[in-house]
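Worksheet: one structure, shown below.
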Amino acid sequence: MTNKKYLKNKIDILSPSPKHVAIIMDGNRRWAKKRGKLHITGHQEGMKSAKRAIFFAKNYHLDVLTLYAFSSENWNRSNKEVSSIMNLFTKTLDKEIYNLHQKNIKLKIIGDTSKFKIKLQNSINRSEKLTYNNCGLMLNIAVNYGGRWDIIQSVKKIAKKVKDGFLQPEQINENIFYQYICMNELAPVDLVIRTGGEYRISNFLLWQIAYSELFFTDVLWPDFNDTIFENAIHVFLKRKRKFGSSTIS
Ligand code: FPP
């Protein structure tokens, strides 16, 4: 589908379009199992699906796409699976970053990257630097990320400000807290999509999705495509967002 049609759809619907979509990509291993294939094949197909979603988001003119690629809890998987996922990340990042850069996409990794092998940390640093000044789609990839970790890292920074005398405890409020949480400089998350048939957040963004709309689909992540992405946005456009007030926007 062309950009022109996307824009036409937006105008026809006459509702505010989502600026920031976040996706919990779930179901790679079940996808592989159903086909009698190894987990890694599911992850490789999941990577292709992520690439499709990124280009859809770019063509749809979303401001921000945030993908949950690896949670703090995913370290509990077998060493073999974790190491093949990490190799896949490193190889794909090194291969695709020039393509992303050429499409004016800015990449940011959110999460605690200090646990990764130096090779992956270097690839991440290089990629973020290369795309830093790009102003097209903002692409966040959450790796070794957890919503609770995010809140704790923010609290630690605020506690240090208080300890060093730059902040009084009574000054702490939502705005102050927000300054330290991941993605504070970006549009708020409008829509969270989760694939794979589970109806939960699984320690993804917590603070940031207080007023996000949620869309769940049974489709396994490798089968996620433009039609499902577009349908999720159409469902979002029909929702009445109230942000806690009785006023309907
Ligand atoms: C989710 O399915 C997959 C993961 C948690 C790991 C890796 C994710 C990818 C390869 C997707 C693309 C990544 C990037 C960096 C854009 P699952 O393994 O939890 O599947 P299951 O629910 O069937 O067990």
Side-chain angles (χ1 to χ4, degrees), residues 21-58 62 64-101 103 105-113 115-117 119-128 131 137-147 149 182 192-205 216-225 228-229:
V21 175
I23 308 184
I24 302 175
M25 306 177 287
D26 196 19
N28 290 351
R29 295 189 299 186
R30 277 169 285 159
W31 185 93
K33 197 173 170 203
K34 267 169 79 177
R35 288 161 180 79
K37 300 197 172 186
L38 298 172
H39 287 163
I40 188 61
T41 309
H43 295 314
Q44 283 160 347
E45 289 304 313
M47 196 58 94
K48 289 185 199 161
S49 194
K51 200 171 152 188
R52 277 197 303 272
I54 293 166
F55 294 128
F56 175 93
K58 185 194 149 31
L62 289 182
V64 192
L65 177 69
T66 299
L67 299 177
Y68 199 17
F70 194 85
S71 74
S72 327
E73 291 71 34
N74 286 151
W75 293 107
N76 298 330
R77 296 186 177 194
S78 72
N79 289 343
K80 191 173 164 218
E81 187 183 353
V82 170
S83 104
S84 57
I85 291 174
M86 291 301 152
N87 287 340
L88 180 64
F89 285 170
T90 314
K91 258 172 67 184
T92 311
L93 193 55
D94 290 346
K95 182 167 168 256
E96 295 295 341
I97 194 61
Y98 301 101
N99 194 11
L100 296 181
H101 182 45
K103 292 188 162 59
I105 295 171
K106 178 171 176 167
L107 175 74
K108 174 104 180 98
I109 302 298
I110 60 168
D112 180 5
T113 54
K115 230 179 148 189
F116 296 147
K117 287 204 171 130
K119 191 166 187 284
L120 179 52
Q121 290 190 35
N122 289 341
S123 294
I124 289 172
N125 292 339
R126 261 198 318 272
S127 305
E128 288 184 339
T131 60
L137 175 73
M138 174 80 223
L139 171 65
N140 299 302
I141 300 186
V143 278
N144 194 20
Y145 177 89
W149 165 85
C182 287
V192 178
I193 298 172
R194 179 172 187 148
T195 63
E198 307 288 358
Y199 302 98
R200 52 179 173 253
I201 293 302
S202 299
N203 198 19
F204 190 29
L205 310 163
F216 297 99
T217 169
D218 289 344
V219 166
L220 302 176
W221 177 248
D223 290 329
F224 188 81
N225 58 27
I228 307 163
F229 204 155

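Order of appearance sets the numbers: ligands from 1, and atoms from 1 within every ligand. Just so it is clear, the values below take in all heavy atoms, side chains as well, and ignore hydrogens, waters and symmetry mates.
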Self-check item: Distance filter under 4.0 Å to Ala69 heavy atoms, resulting ligand 1 atoms
Solution: 4 (C), 5 (C), 6 (C), 7 (C), 8 (C), 13 (C), 14 (C), 15 (C)
Quiz prompt | Close side-chain approach of Leu100 to Ile54, heavy-atom, < 4.5 Å | solution = yes
Quiz item: Taking atom 19 (O) of ligand 1 as the point of reference, which of Arg77, Arg29, Arg30, Met25 owns the nearest heavy atom?
Solution: Arg77
Exercise. Please name the residue in the list Glu81, His39, His43 that meets the side-chain hydrogen bond (donor to acceptor under 3.5 Å, both in side chains) test with Arg29.
Key: Glu81
Exercise. List the closest protein heavy-atom neighbour of atom 10 (C) of ligand 1: residue, atom name, distance to the nearest 0.1 Å.
Key: His43 O, 3.4 Å
Quiz item: Should Phe89 be listed as contacting ligand 1, given a heavy-atom distance under 4.0 Å as the test?
Solution: yes
Quiz prompt | Sub-4.0 Å heavy-atom contact, Gly27 with ligand 1 | solution = yes
Quiz item: Does any donor atom in the side chain of Thr41 or Arg35 lie under 3.5 Å from an acceptor atom in the other side chain?
Solution: no
Self-check item: Atom CG of Asn76: over 12 foreign heavy atoms under 6.0 Å
Solution: yes
Quiz item: Of the protein's non-hydrogen atoms, which lies at the shortest distance from atom 5 (C) of ligand 1, and what is that distance?
Solution: Asn74 OD1, 3.4 Å
Quiz prompt | For atom 3 (C) of ligand 1, closest protein heavy-atom neighbour | solution = Asn28 ND2, 3.3 Å
Practice problem: Could you check whether the rings of Tyr68 and Phe204 sit parallel, tilted or perpendicular, using 30° and 60° as the cut-offs? | Solution: parallel
Self-check item: Nearest-neighbour protein heavy atom for atom 22 (O) of ligand 1, which is reported as residue plus atom name and distance
Solution: Asp26 OD1, 2.7 Å
Exercise. Consider only side-chain N and O atoms of Trp75 and Asn144, and report whether a donor and an acceptor are under 3.5 Å apart.
Key: yes
Quiz item: Tell me: protein heavy atom nearest atom 14 (C) of ligand 1, and distance?
Solution: Met47 SD, 3.6 Å
Exercise. Applying side-chain contact (heavy atoms from CB on, under 4.5 Å), run through Val82 and Asn74 and close with a yes or a no.
Key: CA-CA 8 Å; Val82 170; Asn74 286 151; over 6 Å; no
Exercise. Run the salt-bridge test on Glu45 and Lys37 with the 4.0 Å N-O cut-off and return the result as yes or no.
Key: no
Quiz item: Where on Val143 is there a heavy atom closer than 4.0 Å to ligand 1, on the side chain, on the backbone, on both, or on neither?
Solution: neither
Exercise. Would you mind running through ligand 1 and noting each atom that sits below 4.0 Å from a heavy atom of Ala50?
Key: 12 (C), 16 (C)
